[in-house]
Amino acid sequence: MRTRRPGQARQDPTGAGQLLYNSKVDAPSRIMPPSYIDPKQHLTGLLRQALAQVAPQADLSVELERPKQASHGDWASNLAMQLARGLKRNPRQVAADLVAALPVSEWVARVEIAGPGFINFHLKPALWQRLPAHILSLGAEYGRVDLGGGERIQVEYVSANPTGPLHVGHGRGAAYGASLANVLTYAGYDVTREYYVNDAGRQMDILAVSTWLRYLELTGETVPFPPNAYQGGYVRTMAASIHALHGDRYRRSRAEVLNGVPPIPGAEDYAQRPDAKDAAEAALDALIAAAKRLLGQDYDYFHGYALEEQLGDCRNDLTEFGVTFDHWFSERSLHEAGLIDRAVELLRHKGHIYEQDGALWFRSSAFGDEKDRVVRRENGQYTYFAADIAYHINKFERGFARVIDVWGADHHGYVPRVKGALAAAGYDPERLTVDLVQFAVLYRNGQKVSMSTRAGEYVTLRELRQEVGNDACRFFYVLRKSDQHLDFDLDLAKSQSTDNPVYYIQYAHARISSVLAAWGGMEGDLLDADASLLTHPDEMALLKRLAEFPETIASAAREHAPHLVAYYLKDLAAALHGVYTTCQFLVEDEALRLARLQMIAATRRVLRTGLGLLGVSAPDKM
RNA sequence: GCCCCCGUAGCUCAGUGGAUAGAGCAUCCCCCUCCUAAGGGGAGGGUCACACGUUCGAUUCGUGUCGGGGGCGCCA
């Protein structure tokens with residue numbers, strides 16, 4: 001990723017030869033690329049000094065913003081207006097005092113007082129012109145900010161039940177979580193990516209039984225297949241594999257299986273009669289019990305086989321999607337290690353657990369939840385919530401300063417109780433942030449693609465990826481704020497046209513690569529280019545856009561908003577396409593040629609870095 | 001009933017309390033003898049749902065109303 005390999009001496013245009021690399025002779029400033037100063041930091045420093053003179057007692061943080069309008073300068077401050085109230089003076093007069101107290105700076109072209117009291121800074125072009133060399137020397141490090149200070153933070157995302165293929169809803173959580181984790185890492189956090197595997201619950205039992213029932217069909221036993229069991233074709237596939245491996249070894253007669261099992265409702269009843277749903281659940285539970293009884297140890301084989309198969313499929317799917325994890329955390333391990341007992345015991349010890357109707361309840365209403373919640377059912381089984389309490393306590397016991405859960409928005413009612421449990425256990429619930437990701441709705445030919453999870457009528461993530469490609473998928477998923485519904489336009493995502501923002505950005509990258517290839521030189525040779533030749537308005541616009549990258553990263557990390565990176569890249573690509581049409585790069589004049597190539601090489605670097613954070617490839621040819 | 005999200009151009013959406021509210025698409029008009037036209041330039045298009053409040057200043061914050069979407073189990 002580095003643009004200059006260590007030890008590789010670059011061409012020396014001055015003819016001074018090795019002296020450039022002799023630190024005893026040369027001052028560091030001659031070796032290093034021209035220094036670049038972050039303009040916002042610089043101006044903030046100037047304003048702070050002015051503030052200390054004008055109003056030493058004022059307790060104000062100095063804020064700077066990029067004005068929307070170019071005539072308002074490069075950066076603007078509202079400091080005078082904020083100050084005016086406390087001083088009971090005219091804001092424009094305060095602004096004048098501040099400007100008079102500003103230290104002299106070699107980077108400031110002029111300062112103006114405008115409107116109700118804004119202080120507008122116009123910077124010298126030289127500042128922006130130094131940016132490309134700065135970017136090239138930093139390589140992939142340009143844009144990295146130290147917001148996190150190395151703080152340990154965990155991001156848990158996807159965490160779908162391994163009971164079937166991931167669908168397009170999971171895809172959004174995957175893309176969002178992965179991009180967020182990338183951004184946070186880039187913003188200086190020590191990030192751990194985790195997937196919570198629900199390998200202990202009833203859903204897994206249903207999958208195991210579904211597989212066994214399909215297996216029985218292959219052995220010739222026709223046991224009715226419950227409408228609320230897993231209908232997908234992948235269940236038949238697993239059953240066929242098991243049958244191929246073990247023949248009729250796990251066959252039990254229809255009579256044995258159905259002994260003691262209440263009538264299983266048909267699919268029509270299930271869909272139409274409300275009471276059939278309860279009957280179906282009861283029948284399914286009875287079938288699970290029958291399977292465990294009849295198969296004994298072999299039940300674990302079915303359970304384990306289905307789990308490994310589905311989890312493996314899920315992992316492959318995500319890996320192909322560029323979504324990876326540091327830990328796959330097993331819910332079952334919580335049970336086996338006794339952590340759930342311990343967590344409930346901890347809450348009980350602190351007086352937040354009571355018994356009623358044979359069940360154990362957590363007094364979550366005392367912690368902001370609307371009602372109390374069961375942690376252990378009458379039948380002695382822990383609820384999913386109990387496991388989640390133990391899991392979240394475990395997260396903090398592992399030393400994470402902060403924890404982010406990425407959940408589907410349908411779980412929003414779950415947030416208060418988990419936070420409540422953490423508070424009850426003695427942890428500051430503010431250390432947990434739950435990012436709720438809204439649903440994605442697919443559109444094809446302007447029509448909503450209908451999906452129902454039941455009966456396997458849904459579009460899988462794999463199908464979506466195959467249809468529109470990984471790059472467009474990743475990009476479209478994070479194009480909207482996560483807490484907003486996403487209309488995923490399949491036709492747009494697939495179109496290789498100007499409408500498609502993914503191609504728009506990738507095309508900017510490919511165009512630069514193409515020009516640099518035509519030039520034929522090494523990126524490292526561009527470090528010494530005379531960037532003061534970059535004076536065209538479109539060039540300046542591009543340079544200023546490049547300068548915004550680090551702050552974009554900081555905002556995206558602070559607000560958990562990877563879509564800001566996507567929008568930034570669109571703007572950056574637009575600036576590049578603008579320069580591309582107005583300014584020829586491979587011009588006769590060598591100095592100008594190198595300066596422009598330096599600029600676009602730096603642009604390519606930022607495009608590549610930004611796309612990388614979103615998990616989108618940066619092709620050299622399209 | 002309670003809770004969450006949303007309401008910004010014809011459509012899809014950006015917009016950390018600031019100045020004349022932006023982008024893409026769609027519509028209309030231009031630009032390839034030229035490093036990739038998967039590109040660029042221009043025009044039209046707005047009561048930032050509505051009301052009140054906080055503020056020097058509100059699309060942004062608060063309350064309410066209206067409208068749209070979603071969620072509320074001893075399921076996971």
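Each chain gets a letter, A, B and so on, in the order the sequences are listed, and its residues count up from 1.
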task: Please determine if A/Asp589 and A/Arg593 form a salt bridge, counting it only when a charged side-chain N lies under 4.0 Å from a carboxylate O.
output: no
message: Syn if the chi torsion is within 90° of 0, anti otherwise; quick check, which is B/rC32?
response: syn
- line: When rounded to whole Å, the NE2 to P distance for the pair A/His577 and B/rC32 reads 20 Å
- request: Check the distance between B/rG39's C1' and A/Ile512's CD1 and give it to me in whole angstrom.
  value: 13 Å
message: Tell me the interatomic distance from A/Asp410, atom CG, to B/rC3, atom C1', rounded to whole angstroms.
response: 14 Å
- prompt: Angle class for the A/Tyr567/A/His563 ring planes (parallel below 30°, perpendicular above 60°, tilted otherwise)?
  reply: perpendicular
message: Nearest 0.5 angstrom please: A/Ile264 CD1 to A/Asn228 CG, how far?
response: 9.0 Å
Ring-on-base stacking B/rA19 with A/Phe118 (under 5.5 Å, under 30°): yes
- prompt: Can you check the A/Phe439 CZ to B/rC4 C1' distance for me, whole Å?
  reply: 12 Å
- request: Establish, with yes or no, whether the OP1 or OP2 oxygen of B/rU20 is under 4.0 angstrom from a side-chain nitrogen or oxygen of A/His72.
  value: no
field: Nucleotide nearest A/Arg202 when distance is taken to its side chain, options B/rC5, B/rA76, B/rC3
entry: B/rA76
message: What contact category does A/Asn120 fall into here, base, sugar-phosphate, or nothing, at under 4.0 angstrom with non-hydrogen atoms?
response: base
- prompt: At their closest point, which heavy atom of A/Ser71 faces which heavy atom of A/Glu112, and how far apart are they?
  reply: O-OE1, 4.2 Å
- prompt: With under 30° as parallel and over 60° as perpendicular, where do the rings of A/Phe362 and A/Phe385 fit, or are they tilted in between?
  reply: tilted
message: Taking the basic N atoms (NZ, or NE/NH1/NH2) and the acidic carboxylate oxygens, is any pair closer than 4.0 Å for A/Glu551 and A/Arg66?
response: no
field: Nucleotide opposite B/rC25 in a Watson-Crick or G-U pair, distances under 3.5 Å
entry: B/rG10
task: Using a heavy-atom cut-off of under 4.0 Å over every strand shown, decide if A/Ala114 touches base, sugar-phosphate, or nothing.
output: base
query: Taking atom C1' in both B/rA9 and B/rC25, what distance in whole Å separates the two?
result: 12 Å
- request: Answer yes when A/Lys544 and A/Asp74 have at least one side-chain N-carboxylate O distance shorter than 4.0 Å, and no when they do not.
  value: yes
Contact list for RNA chain B against residues 360-376 of chain A - heavy-atom distance below 4.0 Å: A/Trp361, A/Glu370, A/Lys371, A/Arg373, A/Val374
- prompt: Expressed in angstrom and rounded to an integer, what is the separation of A/Tyr580 atom OH from B/rG41 atom P?
  reply: 15 Å
- request: Considering only atom C1', compute the distance from B/rG45 to B/rU27 and round it to an integer number of Å.
  value: 10 Å
- request: Return no unless some side-chain N or O of A/Lys68 is found under 4.0 Å from OP1 or OP2 of B/rA19.
  value: yes
field: Cationic N near anionic O, under 4.0 Å, A/Arg605 to A/Glu523
entry: no
query: Mind checking the P distance from B/rG41 to B/rC32? Whole angstroms is fine.
result: 16 Å
task: For nucleotides B/rC11 and B/rA43, find the distance between their P atoms and express it as a whole number of Å.
output: 23 Å
query: Which one, B/rG39, B/rC4, B/rA37, comes nearest to the side chain of A/Thr581?
result: B/rG39
task: Return the 5'-most residue of the pair A/Ser514, A/Ala200 with respect to RNA chain B, ranking by each residue's nearest nucleotide.
output: A/Ser514
- prompt: Within the structure, does a side-chain N or O atom of A/Arg417 lie under 4.0 Å from either OP1 or OP2 of B/rC72?
  reply: no
query: What interatomic distance, in whole Å, is found between C1' of B/rU16 and the corresponding atom of B/rA51?
result: 27 Å
- prompt: Using 30° and 60° as the class limits, which term best fits the ring planes of A/Tyr195 and A/Trp328: parallel, tilted or perpendicular?
  reply: parallel
- request: Please state whether the base of B/rU16 and the side chain of A/Glu559 form at least one donor-acceptor pair under 3.5 Å?
  value: no
- prompt: Atom CG of A/Leu64 to atom P of B/rG18: distance rounded to whole Å?
  reply: 13 Å
field: B/rG7 versus B/rG62 - spacing of their P atoms, nearest Å
entry: 13 Å
Proximity to the side chain of A/Gln203 - top-ranked nucleotide from B/rA14, B/rC35, B/rC75: B/rC75
- prompt: B/rA37 phosphate, OP1 or OP2: any side-chain N/O from A/Arg511 under 4.0 angstrom?
  reply: yes
field: N or O in side chain of A/Tyr504 less than 4.0 angstrom from B/rG40 OP1/OP2
entry: yes
field: Selection from B/rG15, B/rA38, B/rU20 that lies nearest to any side-chain heavy atom of A/Met622
entry: B/rA38
task: Using the C1' atoms only, state how far B/rC48 lies from B/rC3, rounded to an integer number of Å.
output: 27 Å
query: Which parts of residues 471-489 of chain A get close to RNA chain B, meaning a heavy atom less than 4.0 angstrom away?
result: A/Arg480, A/Lys481, A/Asp483, A/Gln484, A/His485, A/Asp487
task: For the pair A/Asp388 and A/Arg417, find out whether any cationic side-chain nitrogen is under 4.0 Å from an anionic carboxylate oxygen.
output: no
B/rG53 and B/rG70, which share atom name C1', separated by this distance in whole Å: 30 Å
Contact under 4.0 Å: A/Arg377 side-chain N or O vs B/rC75 OP1/OP2: yes
query: Any N or O donor-acceptor pair linking the side chain of A/Asn78 to the base of B/rA19 at under 3.5 Å?
result: no
field: Any A/Leu546 side-chain heavy atom under 4.5 Å of A/Thr603 side chain
entry: yes
query: If you check every side-chain atom of A/Tyr384, which of B/rA76, B/rA19, B/rC74 has the closest atom?
result: B/rA76
field: Aromatic plane relationship, A/Trp361 with A/Tyr354 - under 30° parallel, 30 to 60° tilted, over 60° perpendicular
entry: parallel
